[in-house]
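Data first, discussion second: the structure below is written as structure tokens.
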Amino acid sequence: MRILHLLAVFYRTSIQTDIEYRADFFTRLVASLLGLMTTIGSLAIAFQYAGRIRGWSLGQAMVLLAVYYLMDGLIEMFIAPNMREIMNQIREGTLDFVILKPINTQFLATFRTLNIWRMANVLVGIGLCVYAIGGLSLTVGPREGALFAITLGSGCAVVYSFWLVLVTLTFWFIRMDNLEQIIWQAFETGRYPVDIYPRWLQITLTYVVPVMFIITIPAGALSGRVGPDTAAVSVVVAVVSVALSSCFWRFGLKHYTGASA
Amino acid sequence: MPQIEVRDLKKTYRVHEREAGASASFRSLFVRKYKAVEAVKGVSFSLDAGERVGFLGPNGAGKTTTLKMLAGLLYPDGGEAEVLGHVPWRRERNYLQRISLVMGNRNQLVWDLPAMDSFLVNQAVYQIPETAFRETLDELVALLDLTPLLKKQVRSLSLGERMKCELAAALLHRPDVLFLDEPTLGVDITMQGRIREFVASYNQKYGATVLLTSHYMADVTALCRRVIVIHHGQLLYDGELESLAARIAPFKLVQLELADAAAAARVEQFAEVLERQDTRVKLRVPRGEASLVVARILSELPIVDLTVQDPPIEEVIDQVFQGNAEVTA
């Protein structure tokens, strides 16, 4: 209950901030629609010559793309603003105020804010999901819906953990401007089915940067190609990554409070 | 029983050392040389509940490091500290709930929002019940004159106004111990006075213990009867502000206005001359001999005006830090 109350207060204040920057919503929406058009264009070209690429039909690839947009929106809305803020706070020394609050530091640092206008991508993602599912004439029942929700949530947890690990590194290196690039470049690969990439990259995308658990599996769940066993695996992966990243964060924080000037 | 107890506290930083030049920069990407800097070298003191103590020292003396250790932000490398019965760096919730740290050069308020929103966030974080929150807020608003500021975006406030809001944000949970690190930094004189008055009244009203660092001696003289002086990470003095002056500056300043310039030339035989401008002279006289010297001057020279003063505390402190004075606490 306390957590929900805190989240409500945090999000209410950030939404009030965001109202100041209304234009952001529209630029985001336009940018994301333009990006969508180019991606759909390239998919259409690829699928012109083959009905299926490595077992993926155009419709299924569209579902994947929809989940990609949805996930991108969720990250930009809930995860990225906090992670960026932590890096600023470490640089400016204002993280001290976060550490001195009588509340779990990781929770306060990583859920303190949200960017409501980045909901643009979430909306585009949802719209595209509905469209793509209609195109495949798939029926999404409660089973698919539940599996999708579970795998999508696990995907978010994996992104959160991955980013938290990278942010924790700023405790040692202070300036890491290219850090976000690493995340987005890796995430970008999830726009297309993991199966189309060469074997070595597939392995990387599954185990090193687990894009598979972030986009491919939730998309599979939505189009009815992922069963409860895979969903269970993705939950386990999510729990393990949150646990590990949280350990690393605490270790980093210990270093920060042990050595920072 | 003391509320803050510090014994032999030590802190050493590992500082990355880099030589100038591109090749050295490149090398430092892979091999880093570190140098140990002892910021605090075994400091001990204790504060009773409700005391207001000034923490003095030049830049780099170890003041902020000590404050940060007491607030729980830094782990020490040696020694012990206990504040309100807690070891600060364990950062137990019960401890954090009862302290506050205000830093003049950093702000916790959300930049793009009115200060009120940050207050509400703090209310939630500190779990302050609505009635207590309203009561404290009303008081702070009245004391700090915040009414016109509450609804303005923090970024549009002046430095002094922002500092007032920072103080309010830091005190909403009514901390028993308050660490103030340069709270008046960059703030104009009038506002400095307001902030001082406010700190004094908060301390009196709630019996809160205040440990304050400041570059402005006026802050310290106005607020603190007791001072702790540290220099190069070591304790130089701990005691009354007044006796600090007596101990390290055992002299008085005598200012004279003489009837003619010829008389002004003769003052040298009475005491050490610090300044001489036409008929105006400033003398330094050992404390013990002051009345004797003044009596002689009055009987032997044509005096128009004469004043005897204690040296300004800034000068006293400055002397300590430049190593011109030996102090034993």
Side-chain angles (χ1 to χ4, degrees), chain A residues 1-22 24 81-82 85 88-109 111-116 171-175 250-251 253-261, chain B residues 11-16 32 34 37 39 60 64-65 67-69 71-77 88-89 91-103 105-114 116-127 153-155 166 169-170 173 175 179 181:
Chain A
M1 260 330 276
R2 168 139 201 243
I3 287 181
L4 289 181
H5 172 65
L6 283 165
L7 281 179
V9 174
F10 293 167
Y11 289 166
R12 197 177 60 224
T13 53
S14 4
I15 290 169
Q16 279 163 355
T17 323
D18 291 344
I19 302 221
E20 297 277 314
Y21 304 101
R22 252 167 313 220
D24 193 40
N82 288 295
E85 187 58 23
N88 283 336
Q89 287 173 330
I90 291 174
R91 243 192 327 255
E92 289 165 13
T94 45
L95 192 73
D96 290 354
F97 292 117
V98 179
I99 297 173
L100 287 183
K101 293 286 186 288
I103 183 178
N104 182 292
T105 304
Q106 186 190 333
F107 172 73
L108 182 56
F111 289 97
R112 174 64 185 78
T113 184
L114 95 170
N115 186 337
I116 193 73
F171 284 128
W172 285 274
F173 302 108
I174 305 295
R175 274 203 90 87
R250 282 199 297 274
F251 176 67
L253 205 58
K254 208 154 205 163
H255 169 81
Y256 178 76
T257 53
S260 74
Chain B
K11 178 73 197 174
T12 307
Y13 291 124
R14 235 161 53 107
V15 178
H16 171 214
R32 293 190 156 213
Y34 289 96
V37 176
T64 302
T65 303
L67 276 196
K68 281 186 163 186
M69 285 192 279
L73 276 174
L74 284 177
Y75 288 83
D77 290 312
W89 42 91
R91 289 200 295 278
E92 287 149 322
R93 285 190 194 170
N94 296 339
Y95 177 61
L96 299 178
Q97 193 81 41
R98 294 178 62 192
I99 64 151
S100 219
L101 171 69
V102 176
M103 294 182 270
N105 55 348
R106 291 172 190 178
N107 49 312
Q108 64 161 316
L109 301 173
V110 182
W111 198 241
D112 291 318
L113 282 178
M116 190 60 206
D117 292 87
S118 295
F119 295 171
L120 289 171
V121 168
N122 275 7
Q123 181 197 3
V125 166
Y126 284 101
Q127 295 181 279
Q153 282 187 341
V154 171
R155 64 171 160 184
E166 283 287 332
H173 60 287
F179 300 107
D181 192 18

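Only a predicted model underlies this, so the values are computations on that prediction, with no experimental measurement involved. Per chain, numbering begins at 1; letters A, B, ... match sequence-line order.
- With chain A as the partner, the residue from Met69(B), Glu92(B), Arg91(B) showing the most heavy-atom pairs under 4.5 Å is Arg91(B).
- A distance of 11.0 Å separates CD of Gln97(B) from NZ of Lys101(A), quoted to the nearest 0.5 Å.
- The number of heavy atoms from other shown groups lying within 6.0 Å of CD1 (Ile15(A)) is above 12.
- Neither the backbone nor the side chain of Gln123(B) comes within contact range of chain A, judged by heavy atoms closer than 4.5 Å.
- Using a 4.5 Å heavy-atom cutoff, the side chains of Asp96(A) and Gln108(B) are not in contact.
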Verdict with reasoning, Val121(B) to Arg112(A), per side-chain contact (heavy atoms from CB on, under 4.5 Å): CA-CA 10 Å; Val121(B) 168; Arg112(A) 174 64 185 78; 3.6 Å; yes
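- Remark: Phe107(A) CZ is packed, more than 12 non-hydrogen atoms of other residues, nucleotides or ligands lying under 6.0 Å away.
- Between atom CG of residue Leu113(B) and atom OG1 of residue Thr13(A) there is a gap of 6.0 Å, rounded to the nearest 0.5 Å.
- Here the rule is side chain to side chain contact (heavy atoms under 4.5 Å, CB included) with Pro102(A), and of Ile99(B), Val125(B), Asn94(B) only Val125(B) fits it.
- Looking at Asn104(A), both its backbone and its side chain come within 4.5 Å of chain B, counting heavy atoms on both sides.
- Residues Arg2(A) and Ala124(B) approach most closely at NH2-O, 3.4 Å, considering heavy atoms.
- With a threshold of 4.5 angstrom between heavy atoms, Glu92(A) approaches chain B through N, CA, C or O but not through any side-chain atom.
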CA sep, side-chain torsions, deciding dist, call: Ile103(A), Gln127(B), side-chain contact (heavy atoms from CB on, under 4.5 Å): CA-CA 10 Å; Ile103(A) 183 178; Gln127(B) 295 181 279; over 6 Å; no
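- Considering CZ of Phe10(A) and CG of Leu120(B), their distance stands at 12.0 Å, rounded to 0.5 Å.
- Under the rule for a salt bridge (charged side-chain N to carboxylate O under 4.0 Å, His left out), the partners of Asp112(B) that lie at least two apart in sequence or sit in another chain are Arg155(B).
- Of all non-hydrogen atoms in Phe97(A) and Asn107(B), the two that sit nearest each other are CE1-C, 3.7 Å.
- Contacts between Val37(B) and chain A at a heavy-atom distance below 4.5 Å are absent for every atom of the residue.
- Atoms CH2 and OG1, from Trp111(B) and Thr94(A) in turn, are 11.5 Å apart once rounded to the nearest 0.5 Å.
- Judged as a ring pair (Phe, Tyr, Trp, His ring centres under 6.0 Å), and not counting sequence neighbours, the contacts of Tyr126(B) are His173(B).
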